[in-house]
Amino acid sequence: MIVNYGKCLHCGGCVGACPQNAIYLNDYILEFNEDCNNCGRCVKLCPVGALRREGKK
Amino acid sequence: MKKYHCDVVVVGGGPGGSMAAKYCARGGLDTIMIEKKAEIGAPLRCAEGVSKKWLEEVDITPDPAWISTDMKGAIIRSPSGHTFKLDESQAGNEVGYVLERHLFDKHLAQEAGRAGARIMMRTAARGVIRDKAGKLIGIKAESMGEPIEIYAKCVVAADGFESQVGRWAGMDTSLDQADILTCAQYRMSGIDIEDEYCEFIIGGAAPGGYLWIFPKGNGMANVGLGILATKLKGGKTPIDYLNEYIAKDPRLSEGTVTEISSGMVSGCPGLDETVGDNIILVGDAARIIDPLTGGGICHACRTGMYAGKVLTECNKTGDFSKEALKPYEKMWRDRMEDKLIRNYMAKERFATVDNDTLDDLVLMIQDSDISEVNVWNLLKVVKEKYPELVEGFEDLI
Ligand SMILES: Cc1cc2nc3c(=O)[nH]c(=O)nc-3n(C[C@H](O)[C@H](O)[C@H](O)COP(=O)(O)OP(=O)(O)OC[C@H]3O[C@@H](n4cnc5c(N)ncnc54)[C@H](O)[C@@H]3O)c2cc1C
Ligand code: SF4
Ligand code: SF4
(Lines give C-alpha, C1' and ligand atoms only; values in the text may rest on other atoms or scores of the structure.)
(Ligands and ions follow the chains in the order given, each with its own letter.)
Protein backbone atom coordinates (compact mmCIF):
# COMPACT_ATOMS: atom_id res chain seq x y z
CA MET A 1 0.00 0.00 0.00
CA ILE A 2 1.30 3.44 -0.85
CA VAL A 3 0.46 6.26 1.54
CA ASN A 4 0.50 9.87 0.45
CA TYR A 5 1.64 11.42 3.72
CA GLY A 6 1.05 14.83 2.26
CA LYS A 7 -2.66 14.03 2.43
CA CYS A 8 -3.05 11.58 5.33
CA LEU A 9 -4.60 13.15 8.44
CA HIS A 10 -3.76 10.12 10.64
CA CYS A 11 -7.38 9.70 11.63
CA GLY A 12 -7.20 5.92 11.97
CA GLY A 13 -10.30 5.44 9.83
CA CYS A 14 -8.60 2.93 7.55
CA VAL A 15 -7.41 0.98 10.61
CA GLY A 16 -10.92 0.47 11.95
CA ALA A 17 -12.41 -0.19 8.52
CA CYS A 18 -9.88 -2.84 7.47
CA PRO A 19 -11.59 -6.25 7.53
CA GLN A 20 -8.24 -7.96 8.17
CA ASN A 21 -6.99 -5.76 11.04
CA ALA A 22 -3.89 -5.40 8.89
CA ILE A 23 -3.11 -1.72 9.56
CA TYR A 24 -1.58 -0.03 12.59
CA LEU A 25 -1.34 3.72 13.00
CA ASN A 26 2.04 4.37 14.58
CA ASP A 27 1.88 8.08 15.34
CA TYR A 28 1.96 9.52 11.85
CA ILE A 29 2.99 6.36 10.05
CA LEU A 30 0.69 3.62 8.77
CA GLU A 31 2.09 0.11 9.09
CA PHE A 32 0.53 -2.61 6.93
CA ASN A 33 1.10 -6.23 7.94
CA GLU A 34 1.08 -9.49 6.00
CA ASP A 35 -2.62 -10.09 6.74
CA CYS A 36 -3.53 -7.51 4.08
CA ASN A 37 -5.30 -9.29 1.23
CA ASN A 38 -5.37 -6.28 -1.06
CA CYS A 39 -9.15 -5.92 -0.90
CA GLY A 40 -8.86 -2.18 -1.51
CA ARG A 41 -11.38 -1.09 1.08
CA CYS A 42 -8.98 1.30 2.83
CA VAL A 43 -8.16 2.91 -0.52
CA LYS A 44 -11.82 3.45 -1.32
CA LEU A 45 -12.86 4.70 2.10
CA CYS A 46 -10.04 7.06 3.09
CA PRO A 47 -11.79 10.42 3.56
CA VAL A 48 -9.01 12.32 1.82
CA GLY A 49 -7.84 9.81 -0.78
CA ALA A 50 -4.41 9.27 0.77
CA LEU A 51 -4.01 5.60 -0.14
CA ARG A 52 -3.37 3.70 -3.32
CA ARG A 53 -2.45 0.17 -4.17
CA GLU A 54 1.01 -0.65 -5.37
CA GLY A 55 1.24 -0.58 -9.13
CA LYS A 56 -1.87 1.59 -9.49
CA LYS A 57 -2.05 5.27 -10.23
CA MET B 1 11.47 -4.47 29.90
CA LYS B 2 9.38 -2.52 32.36
CA LYS B 3 6.36 -4.37 33.73
CA TYR B 4 3.32 -2.86 35.37
CA HIS B 5 0.68 -4.63 37.43
CA CYS B 6 -2.83 -3.38 38.08
CA ASP B 7 -6.42 -4.56 38.37
CA VAL B 8 -7.69 -2.96 35.18
CA VAL B 9 -5.95 -1.52 32.17
CA VAL B 10 -8.01 0.83 30.03
CA VAL B 11 -6.79 1.33 26.46
CA GLY B 12 -7.74 4.73 25.03
CA GLY B 13 -8.24 8.10 26.66
CA GLY B 14 -11.42 9.23 24.89
CA PRO B 15 -14.72 9.72 26.71
CA GLY B 16 -15.33 5.96 26.95
CA GLY B 17 -11.91 5.24 28.42
CA SER B 18 -11.92 8.11 30.90
CA MET B 19 -15.38 7.25 32.20
CA ALA B 20 -14.42 3.59 32.59
CA ALA B 21 -11.18 4.54 34.37
CA LYS B 22 -13.01 6.94 36.65
CA TYR B 23 -15.63 4.41 37.73
CA CYS B 24 -13.05 1.63 38.13
CA ALA B 25 -10.83 3.83 40.29
CA ARG B 26 -13.79 5.04 42.27
CA GLY B 27 -14.77 1.42 42.89
CA GLY B 28 -11.38 0.79 44.47
CA LEU B 29 -9.66 -0.90 41.54
CA ASP B 30 -6.03 -0.19 40.80
CA THR B 31 -6.50 1.34 37.33
CA ILE B 32 -4.12 2.33 34.55
CA MET B 33 -5.42 4.18 31.46
CA ILE B 34 -3.11 4.45 28.47
CA GLU B 35 -3.42 6.90 25.57
CA LYS B 36 -1.50 6.61 22.34
CA LYS B 37 -1.43 10.28 21.46
CA ALA B 38 0.48 13.11 23.09
CA GLU B 39 -2.68 15.03 23.93
CA ILE B 40 -6.10 13.92 25.07
CA GLY B 41 -8.95 15.32 22.98
CA ALA B 42 -6.78 16.45 20.10
CA PRO B 43 -6.59 16.50 17.16
CA LEU B 44 -10.31 16.98 16.65
CA ARG B 45 -12.20 14.16 14.96
CA CYS B 46 -15.71 15.20 15.82
CA ALA B 47 -18.51 17.64 15.02
CA GLU B 48 -18.90 18.19 18.80
CA GLY B 49 -22.71 18.20 18.93
CA VAL B 50 -24.46 16.56 21.88
CA SER B 51 -27.94 16.62 23.36
CA LYS B 52 -28.25 17.74 26.96
CA LYS B 53 -30.31 15.19 28.76
CA TRP B 54 -27.84 12.35 29.19
CA LEU B 55 -25.14 14.39 30.94
CA GLU B 56 -26.96 14.11 34.24
CA GLU B 57 -27.33 10.37 33.80
CA VAL B 58 -23.55 9.96 33.75
CA ASP B 59 -23.02 12.54 36.48
CA ILE B 60 -21.30 15.15 34.34
CA THR B 61 -22.13 18.74 35.29
CA PRO B 62 -22.23 21.09 32.29
CA ASP B 63 -19.37 23.56 32.53
CA PRO B 64 -18.94 26.65 30.33
CA ALA B 65 -15.23 25.80 30.22
CA TRP B 66 -15.92 23.01 27.73
CA ILE B 67 -19.16 24.20 26.15
CA SER B 68 -18.77 26.22 23.00
CA THR B 69 -22.41 26.93 22.11
CA ASP B 70 -25.77 26.43 23.78
CA MET B 71 -28.15 25.56 20.94
CA LYS B 72 -31.63 27.00 20.45
CA GLY B 73 -32.69 24.52 17.82
CA ALA B 74 -31.93 22.69 14.65
CA ILE B 75 -32.48 23.26 10.94
CA ILE B 76 -33.05 20.46 8.48
CA ARG B 77 -32.34 21.39 4.87
CA SER B 78 -33.53 19.33 1.92
CA PRO B 79 -31.49 18.76 -1.27
CA SER B 80 -33.05 21.72 -3.07
CA GLY B 81 -32.90 24.00 -0.07
CA HIS B 82 -36.28 23.69 1.67
CA THR B 83 -35.75 24.09 5.37
CA PHE B 84 -37.53 22.98 8.45
CA LYS B 85 -36.64 24.73 11.67
CA LEU B 86 -37.01 23.04 15.03
CA ASP B 87 -37.11 25.32 18.01
CA GLU B 88 -36.28 24.46 21.57
CA SER B 89 -39.96 24.39 22.52
CA GLN B 90 -40.72 21.72 19.91
CA ALA B 91 -37.48 19.87 19.82
CA GLY B 92 -37.48 18.59 23.38
CA ASN B 93 -34.24 16.95 24.32
CA GLU B 94 -32.89 16.91 20.78
CA VAL B 95 -31.46 20.37 21.33
CA GLY B 96 -28.09 20.53 22.96
CA TYR B 97 -24.59 21.87 23.11
CA VAL B 98 -21.69 22.15 20.76
CA LEU B 99 -18.67 21.20 22.85
CA GLU B 100 -14.99 22.04 22.90
CA ARG B 101 -13.90 18.44 22.71
CA HIS B 102 -10.26 19.08 23.37
CA LEU B 103 -11.34 20.49 26.75
CA PHE B 104 -14.26 18.13 27.41
CA ASP B 105 -12.14 15.02 26.89
CA LYS B 106 -9.39 16.43 29.11
CA HIS B 107 -11.93 17.24 31.79
CA LEU B 108 -13.10 13.61 31.82
CA ALA B 109 -9.51 12.35 31.97
CA GLN B 110 -8.75 14.70 34.85
CA GLU B 111 -11.79 13.36 36.69
CA ALA B 112 -10.46 9.84 36.17
CA GLY B 113 -7.10 10.95 37.54
CA ARG B 114 -8.77 12.57 40.52
CA ALA B 115 -10.62 9.35 41.26
CA GLY B 116 -7.24 7.61 41.45
CA ALA B 117 -6.58 6.23 37.97
CA ARG B 118 -3.00 6.42 36.68
CA ILE B 119 -2.81 7.85 33.17
CA MET B 120 0.07 7.05 30.85
CA MET B 121 0.30 9.31 27.83
CA ARG B 122 2.00 8.44 24.58
CA THR B 123 1.53 4.81 25.44
CA ALA B 124 0.05 2.63 22.73
CA ALA B 125 -1.28 -0.90 23.04
CA ARG B 126 0.39 -3.18 20.47
CA GLY B 127 -1.06 -6.56 21.38
CA VAL B 128 -2.41 -8.70 24.18
CA ILE B 129 -0.61 -11.03 26.59
CA ARG B 130 -1.95 -14.50 27.35
CA ASP B 131 -0.70 -17.02 29.89
CA LYS B 132 0.14 -20.62 29.02
CA ALA B 133 -3.48 -21.64 29.37
CA GLY B 134 -4.49 -18.95 26.89
CA LYS B 135 -6.06 -16.64 29.46
CA LEU B 136 -5.87 -12.92 28.69
CA ILE B 137 -3.64 -11.39 31.36
CA GLY B 138 -2.64 -8.00 30.00
CA ILE B 139 -1.38 -5.98 27.08
CA LYS B 140 1.88 -5.29 25.33
CA ALA B 141 2.44 -1.62 24.74
CA GLU B 142 4.95 0.96 23.68
CA SER B 143 5.44 3.82 26.09
CA MET B 144 7.50 6.83 25.04
CA GLY B 145 9.18 4.61 22.50
CA GLU B 146 9.97 1.78 24.95
CA PRO B 147 8.26 -1.61 24.93
CA ILE B 148 6.40 -2.32 28.17
CA GLU B 149 3.96 -4.88 29.52
CA ILE B 150 0.91 -4.13 31.61
CA TYR B 151 -0.60 -7.03 33.51
CA ALA B 152 -4.22 -6.73 34.62
CA LYS B 153 -7.21 -8.83 35.66
CA CYS B 154 -9.29 -7.19 32.94
CA VAL B 155 -8.68 -5.10 29.83
CA VAL B 156 -11.11 -2.33 28.85
CA ALA B 157 -10.91 -1.71 25.10
CA ALA B 158 -11.80 1.96 24.65
CA ASP B 159 -9.67 2.48 21.57
CA GLY B 160 -12.39 4.13 19.49
CA PHE B 161 -13.20 3.43 15.84
CA GLU B 162 -9.73 1.89 15.31
CA SER B 163 -10.94 -0.91 17.61
CA GLN B 164 -7.88 -3.17 17.44
CA VAL B 165 -7.60 -4.32 21.05
CA GLY B 166 -10.81 -6.35 20.80
CA ARG B 167 -9.63 -7.96 17.58
CA TRP B 168 -6.20 -8.75 19.04
CA ALA B 169 -8.09 -10.48 21.86
CA GLY B 170 -10.00 -12.57 19.34
CA MET B 171 -13.30 -10.69 19.27
CA ASP B 172 -14.98 -9.80 16.01
CA THR B 173 -15.37 -6.04 15.71
CA SER B 174 -15.15 -5.91 11.91
CA LEU B 175 -17.76 -3.94 10.01
CA ASP B 176 -19.66 -4.37 6.76
CA GLN B 177 -19.09 -1.56 4.29
CA ALA B 178 -22.79 -0.77 4.53
CA ASP B 179 -22.17 0.05 8.20
CA ILE B 180 -19.32 2.52 7.75
CA LEU B 181 -19.63 6.26 7.25
CA THR B 182 -16.54 8.06 6.11
CA CYS B 183 -16.24 11.70 7.18
CA ALA B 184 -14.39 14.91 6.46
CA GLN B 185 -14.74 18.21 8.27
CA TYR B 186 -13.49 21.77 8.21
CA ARG B 187 -13.45 24.27 11.03
CA MET B 188 -14.64 27.37 9.21
CA SER B 189 -14.86 31.01 10.20
CA GLY B 190 -16.27 34.08 8.51
CA ILE B 191 -19.38 32.25 7.39
CA ASP B 192 -22.94 33.47 7.30
CA ILE B 193 -24.89 31.04 9.46
CA GLU B 194 -27.32 31.13 12.36
CA ASP B 195 -25.10 30.93 15.42
CA GLU B 196 -27.51 29.04 17.63
CA TYR B 197 -28.89 26.43 15.26
CA CYS B 198 -27.31 23.14 14.25
CA GLU B 199 -27.96 22.51 10.60
CA PHE B 200 -28.38 19.12 8.94
CA ILE B 201 -28.33 19.00 5.15
CA ILE B 202 -29.70 15.75 3.76
CA GLY B 203 -29.60 14.15 0.34
CA GLY B 204 -27.09 14.32 -2.50
CA ALA B 205 -24.60 16.57 -0.69
CA ALA B 206 -23.68 13.55 1.44
CA PRO B 207 -25.05 10.30 -0.04
CA GLY B 208 -26.38 7.94 2.63
CA GLY B 209 -25.39 10.34 5.41
CA TYR B 210 -25.70 14.06 5.95
CA LEU B 211 -23.76 17.29 5.94
CA TRP B 212 -23.60 19.22 9.20
CA ILE B 213 -22.99 22.81 10.16
CA PHE B 214 -22.51 22.96 13.93
CA PRO B 215 -21.89 26.53 15.07
CA LYS B 216 -19.03 27.48 17.37
CA GLY B 217 -20.05 31.12 17.82
CA ASN B 218 -19.02 34.32 15.99
CA GLY B 219 -19.58 33.00 12.49
CA MET B 220 -17.49 29.91 13.15
CA ALA B 221 -18.64 26.33 12.71
CA ASN B 222 -17.69 22.72 12.21
CA VAL B 223 -18.75 22.03 8.64
CA GLY B 224 -18.47 18.42 7.69
CA LEU B 225 -20.13 15.39 6.24
CA GLY B 226 -20.36 11.64 6.51
CA ILE B 227 -20.94 9.44 3.48
CA LEU B 228 -22.09 5.85 3.52
CA ALA B 229 -19.18 3.72 2.27
CA THR B 230 -21.39 1.82 -0.17
CA LYS B 231 -22.43 5.09 -1.82
CA LEU B 232 -18.90 6.23 -2.67
CA LYS B 233 -18.50 6.13 -6.43
CA GLY B 234 -15.84 6.75 -9.01
CA GLY B 235 -12.94 7.58 -6.71
CA LYS B 236 -14.68 10.64 -5.28
CA THR B 237 -13.73 11.15 -1.63
CA PRO B 238 -15.63 12.77 1.27
CA ILE B 239 -13.34 15.79 1.12
CA ASP B 240 -14.28 16.21 -2.57
CA TYR B 241 -17.97 16.18 -1.64
CA LEU B 242 -17.33 18.71 1.11
CA ASN B 243 -15.43 21.07 -1.19
CA GLU B 244 -18.18 20.77 -3.78
CA TYR B 245 -20.91 21.65 -1.34
CA ILE B 246 -19.04 24.58 0.21
CA ALA B 247 -18.30 26.05 -3.22
CA LYS B 248 -21.98 26.22 -4.07
CA ASP B 249 -23.41 27.39 -0.74
CA PRO B 250 -22.94 31.18 -0.76
CA ARG B 251 -23.12 31.25 3.04
CA LEU B 252 -19.94 29.19 3.22
CA SER B 253 -18.03 29.78 0.02
CA GLU B 254 -16.32 32.94 1.25
CA GLY B 255 -15.31 31.42 4.59
CA THR B 256 -11.87 30.59 5.92
CA VAL B 257 -10.77 27.07 6.82
CA THR B 258 -8.54 26.82 9.89
CA GLU B 259 -8.64 23.08 10.57
CA ILE B 260 -9.14 19.92 8.50
CA SER B 261 -10.16 16.65 10.08
CA SER B 262 -11.30 13.25 8.98
CA GLY B 263 -12.52 10.07 10.55
CA MET B 264 -15.02 7.28 10.29
CA VAL B 265 -18.02 6.20 12.31
CA SER B 266 -19.84 2.92 12.42
CA GLY B 267 -23.51 2.69 11.53
CA CYS B 268 -24.60 -0.57 13.14
CA PRO B 269 -26.55 -0.97 16.37
CA GLY B 270 -23.55 -2.23 18.42
CA LEU B 271 -21.60 -5.50 18.34
CA ASP B 272 -23.35 -8.78 19.03
CA GLU B 273 -20.82 -9.43 21.80
CA THR B 274 -19.11 -6.71 23.80
CA VAL B 275 -17.55 -8.84 26.53
CA GLY B 276 -15.15 -11.77 26.50
CA ASP B 277 -13.07 -13.47 29.16
CA ASN B 278 -11.11 -10.67 30.87
CA ILE B 279 -12.07 -8.05 28.29
CA ILE B 280 -14.84 -5.51 27.91
CA LEU B 281 -15.42 -3.17 24.94
CA VAL B 282 -16.87 0.33 25.34
CA GLY B 283 -17.93 3.23 23.12
CA ASP B 284 -16.86 3.32 19.48
CA ALA B 285 -14.65 0.24 20.04
CA ALA B 286 -17.88 -1.70 20.73
CA ARG B 287 -19.51 0.04 17.75
CA ILE B 288 -22.09 1.51 20.14
CA ILE B 289 -22.99 4.77 18.46
CA ASP B 290 -26.21 6.17 17.05
CA PRO B 291 -26.34 4.67 13.53
CA LEU B 292 -28.53 7.48 12.20
CA THR B 293 -26.79 10.57 13.61
CA GLY B 294 -23.27 9.24 14.19
CA GLY B 295 -23.42 10.71 17.69
CA GLY B 296 -21.35 8.57 20.03
CA ILE B 297 -20.04 10.76 22.84
CA CYS B 298 -23.00 9.99 25.05
CA HIS B 299 -22.85 6.26 24.27
CA ALA B 300 -19.12 6.18 25.07
CA CYS B 301 -19.73 7.92 28.41
CA ARG B 302 -22.59 5.62 29.36
CA THR B 303 -20.85 2.40 28.39
CA GLY B 304 -17.63 3.55 30.09
CA MET B 305 -19.55 4.17 33.29
CA TYR B 306 -21.38 0.84 33.09
CA ALA B 307 -18.07 -0.98 32.51
CA GLY B 308 -16.55 0.66 35.59
CA LYS B 309 -19.53 -0.30 37.73
CA VAL B 310 -19.59 -3.91 36.56
CA LEU B 311 -15.82 -4.30 37.01
CA THR B 312 -16.14 -2.97 40.55
CA GLU B 313 -18.60 -5.78 41.27
CA CYS B 314 -16.41 -8.39 39.58
CA ASN B 315 -13.49 -7.35 41.75
CA LYS B 316 -15.40 -8.44 44.84
CA THR B 317 -15.32 -12.05 43.72
CA GLY B 318 -12.19 -11.82 41.57
CA ASP B 319 -14.13 -13.33 38.67
CA PHE B 320 -13.63 -11.41 35.41
CA SER B 321 -14.81 -14.18 33.10
CA LYS B 322 -17.12 -13.46 30.19
CA GLU B 323 -20.01 -14.80 32.25
CA ALA B 324 -19.18 -12.47 35.15
CA LEU B 325 -18.97 -9.48 32.78
CA LYS B 326 -22.38 -10.17 31.20
CA PRO B 327 -24.21 -7.66 33.43
CA TYR B 328 -22.40 -4.97 31.41
CA GLU B 329 -23.94 -6.34 28.24
CA LYS B 330 -27.37 -6.26 29.83
CA MET B 331 -26.96 -2.73 31.21
CA TRP B 332 -26.16 -1.04 27.93
CA ARG B 333 -28.66 -3.07 25.95
CA ASP B 334 -31.49 -2.32 28.39
CA ARG B 335 -30.70 1.37 28.25
CA MET B 336 -29.92 1.88 24.56
CA GLU B 337 -30.55 -1.05 22.27
CA ASP B 338 -34.15 -0.28 21.25
CA LYS B 339 -33.24 3.18 20.05
CA LEU B 340 -30.06 1.97 18.37
CA ILE B 341 -32.05 -0.61 16.41
CA ARG B 342 -34.80 1.84 15.51
CA ASN B 343 -32.28 4.38 14.26
CA TYR B 344 -30.38 1.67 12.43
CA MET B 345 -33.54 0.75 10.53
CA ALA B 346 -34.23 4.40 9.87
CA LYS B 347 -30.71 4.83 8.48
CA GLU B 348 -31.13 1.83 6.18
CA ARG B 349 -34.47 3.13 4.90
CA PHE B 350 -33.26 6.69 4.59
CA ALA B 351 -30.36 5.60 2.38
CA THR B 352 -32.86 4.37 -0.23
CA VAL B 353 -34.81 7.64 -0.48
CA ASP B 354 -34.09 9.83 -3.52
CA ASN B 355 -33.56 13.60 -3.51
CA ASP B 356 -37.06 14.44 -4.78
CA THR B 357 -38.71 12.45 -2.02
CA LEU B 358 -36.45 14.08 0.58
CA ASP B 359 -37.47 17.50 -0.74
CA ASP B 360 -41.08 16.50 -0.51
CA LEU B 361 -40.68 15.13 3.00
CA VAL B 362 -39.14 18.34 4.30
CA LEU B 363 -41.92 20.35 2.64
CA MET B 364 -44.55 18.13 4.22
CA ILE B 365 -43.07 18.57 7.67
CA GLN B 366 -42.74 22.30 7.06
CA ASP B 367 -46.46 22.47 6.27
CA SER B 368 -47.64 20.24 9.07
CA ASP B 369 -48.46 21.77 12.41
CA ILE B 370 -46.79 19.37 14.79
CA SER B 371 -46.52 21.04 18.15
CA GLU B 372 -43.95 18.71 19.61
CA VAL B 373 -41.37 17.38 17.26
CA ASN B 374 -40.30 13.87 18.07
CA VAL B 375 -39.65 10.81 16.01
CA TRP B 376 -43.17 9.53 16.56
CA ASN B 377 -44.91 12.71 15.40
CA LEU B 378 -42.61 13.04 12.39
CA LEU B 379 -43.27 9.47 11.36
CA LYS B 380 -47.00 10.06 11.60
CA VAL B 381 -46.75 12.91 9.11
CA VAL B 382 -44.55 10.88 6.79
CA LYS B 383 -46.86 7.88 6.99
CA GLU B 384 -49.78 9.75 5.43
CA LYS B 385 -48.05 10.09 2.10
CA TYR B 386 -45.22 7.56 2.22
CA PRO B 387 -46.51 4.60 4.21
CA GLU B 388 -43.78 2.37 2.74
CA LEU B 389 -41.11 4.51 4.39
CA VAL B 390 -42.37 3.91 7.89
CA GLU B 391 -43.47 0.34 7.39
CA GLY B 392 -42.09 -1.94 10.05
CA PHE B 393 -41.27 0.89 12.43
CA GLU B 394 -44.56 1.25 14.23
CA ASP B 395 -43.88 -1.24 16.99
CA LEU B 396 -40.38 0.08 17.65
CA ILE B 397 -41.40 3.63 18.41
C1 LIG C 1 -16.13 13.36 11.83
C2 LIG C 1 -16.82 12.89 13.08
C3 LIG C 1 -17.81 13.67 13.65
C4 LIG C 1 -18.44 13.25 14.83
N5 LIG C 1 -19.38 14.06 15.38
C6 LIG C 1 -19.97 13.71 16.55
C7 LIG C 1 -20.90 14.58 17.18
O8 LIG C 1 -21.18 15.70 16.71
N9 LIG C 1 -21.49 14.18 18.33
C10 LIG C 1 -21.19 12.97 18.90
O11 LIG C 1 -21.77 12.65 19.96
N12 LIG C 1 -20.31 12.13 18.33
C13 LIG C 1 -19.68 12.47 17.17
N14 LIG C 1 -18.76 11.62 16.59
C15 LIG C 1 -18.48 10.34 17.24
C16 LIG C 1 -17.62 10.55 18.49
O17 LIG C 1 -16.46 11.25 18.14
C18 LIG C 1 -17.26 9.17 19.08
O19 LIG C 1 -18.41 8.38 19.20
C20 LIG C 1 -16.61 9.30 20.45
O21 LIG C 1 -15.42 10.01 20.40
C22 LIG C 1 -16.36 7.90 21.01
O23 LIG C 1 -15.60 7.95 22.18
P24 LIG C 1 -14.62 6.75 22.52
O25 LIG C 1 -14.04 7.07 23.86
O26 LIG C 1 -15.30 5.46 22.34
O27 LIG C 1 -13.49 6.80 21.40
P28 LIG C 1 -12.49 7.98 20.99
O29 LIG C 1 -12.99 9.29 21.42
O30 LIG C 1 -12.19 7.76 19.57
O31 LIG C 1 -11.18 7.67 21.85
C32 LIG C 1 -10.36 6.57 21.57
C33 LIG C 1 -8.96 6.90 22.06
O34 LIG C 1 -8.17 5.72 22.03
C35 LIG C 1 -6.87 6.05 21.58
N36 LIG C 1 -6.26 4.84 21.05
C37 LIG C 1 -6.58 4.20 19.89
N38 LIG C 1 -5.81 3.10 19.74
C39 LIG C 1 -5.00 3.05 20.83
C40 LIG C 1 -3.98 2.16 21.26
N41 LIG C 1 -3.65 1.09 20.51
N42 LIG C 1 -3.35 2.41 22.42
C43 LIG C 1 -3.67 3.49 23.18
N44 LIG C 1 -4.63 4.37 22.82
C45 LIG C 1 -5.29 4.15 21.67
C46 LIG C 1 -7.09 7.14 20.55
O47 LIG C 1 -5.94 7.90 20.37
C48 LIG C 1 -8.25 7.92 21.19
O49 LIG C 1 -7.78 8.97 22.00
C50 LIG C 1 -18.10 12.00 15.41
C51 LIG C 1 -17.12 11.21 14.83
C52 LIG C 1 -16.48 11.64 13.67
C53 LIG C 1 -15.41 10.78 13.06
S1 SF4 D 1 -8.14 6.86 6.59
FE2 SF4 D 1 -6.82 8.08 5.22
S3 SF4 D 1 -6.42 9.97 6.39
FE4 SF4 D 1 -7.17 8.46 7.86
S5 SF4 D 1 -5.31 7.47 8.66
FE6 SF4 D 1 -6.02 6.20 6.95
S7 SF4 D 1 -4.88 6.97 5.18
FE8 SF4 D 1 -4.70 8.55 6.76
S1 SF4 E 1 -6.39 -3.47 1.22
FE2 SF4 E 1 -8.02 -4.35 2.52
S3 SF4 E 1 -6.93 -5.84 3.82
FE4 SF4 E 1 -5.35 -4.52 2.91
S5 SF4 E 1 -5.03 -2.92 4.45
FE6 SF4 E 1 -6.57 -2.12 3.00
S7 SF4 E 1 -8.55 -2.67 3.91
FE8 SF4 E 1 -6.98 -3.92 4.95
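Below, read A as the first sequence line, B as the second, and so on, with proteins coming before strands; counting in each chain starts at 1.
For the pair A/Lys7/B/Ile239, no side-chain contact is recorded, criterion being any heavy-atom separation below 4.5 Å from C-beta on. For the pair A/Asn21/B/Trp168, a side-chain contact is recorded, criterion being any heavy-atom separation below 4.5 Å from C-beta on.
Rounding to the nearest 0.5 Å places OH of A/Tyr24 at 4.5 Å from CZ of B/Arg126. Rounding to the nearest 0.5 Å gives a distance of 11.5 Å between NE2 of A/His10 and NZ of B/Lys37. Taking SG from A/Cys11 and CD1 from B/Ile260, the interatomic distance works out to 12.5 Å, rounded to the nearest 0.5 Å.
For a residue to count as touching a neighbouring chain, one of its non-hydrogen atoms must lie under 4.5 Å from one of that chain's; by this rule B/Asp176 touches chain A with the backbone only. Using a 4.5 Å cut-off between heavy atoms, B/Ser261 contacts chain A through its backbone alone, with no side-chain atom that close. Both the backbone and the side chain of B/Leu232 come within contact range of chain A, each with at least one heavy atom under 4.5 Å from a heavy atom of that chain.
Within residues 26-33 of chain A, the residues having any heavy atom closer than 4.5 Å to a heavy atom of chain B are A/Asn26, A/Asp27, A/Glu31, listed by residue number. Among the residues in residues 36-44 of chain A, those with a non-hydrogen atom closer than 4.5 angstrom to a non-hydrogen atom of chain B are A/Arg41, A/Lys44.
Of all the listed residues (B/Ala229, B/Ser174, B/Ala184), the one sharing the greatest number of non-hydrogen pairs under 4.5 Å with chain A is B/Ala229. With chain A as partner, the option from B/Gly263, B/Gly160, B/Ala38 having the largest number of non-hydrogen pairs under 4.5 angstrom is B/Gly263.
Counting all heavy atoms, side chain and backbone alike, B/Cys183 lies closest to A/Pro47 at O-CB, 3.2 Å.
Enclosure of atom CE in B/Met1 by more than 12 non-hydrogen atoms of other residues, nucleotides or ligands within 6.0 angstrom is indicated.
Counting only distance, with no hydrogens or angles, the side chain of B/Thr182 and the backbone of A/Leu45 share a donor-acceptor pair below 3.5 Å. Between the side chain of B/Gln164 and the backbone N or O of A/Ile23, at least one donor-acceptor pair lies under 3.5 Å.
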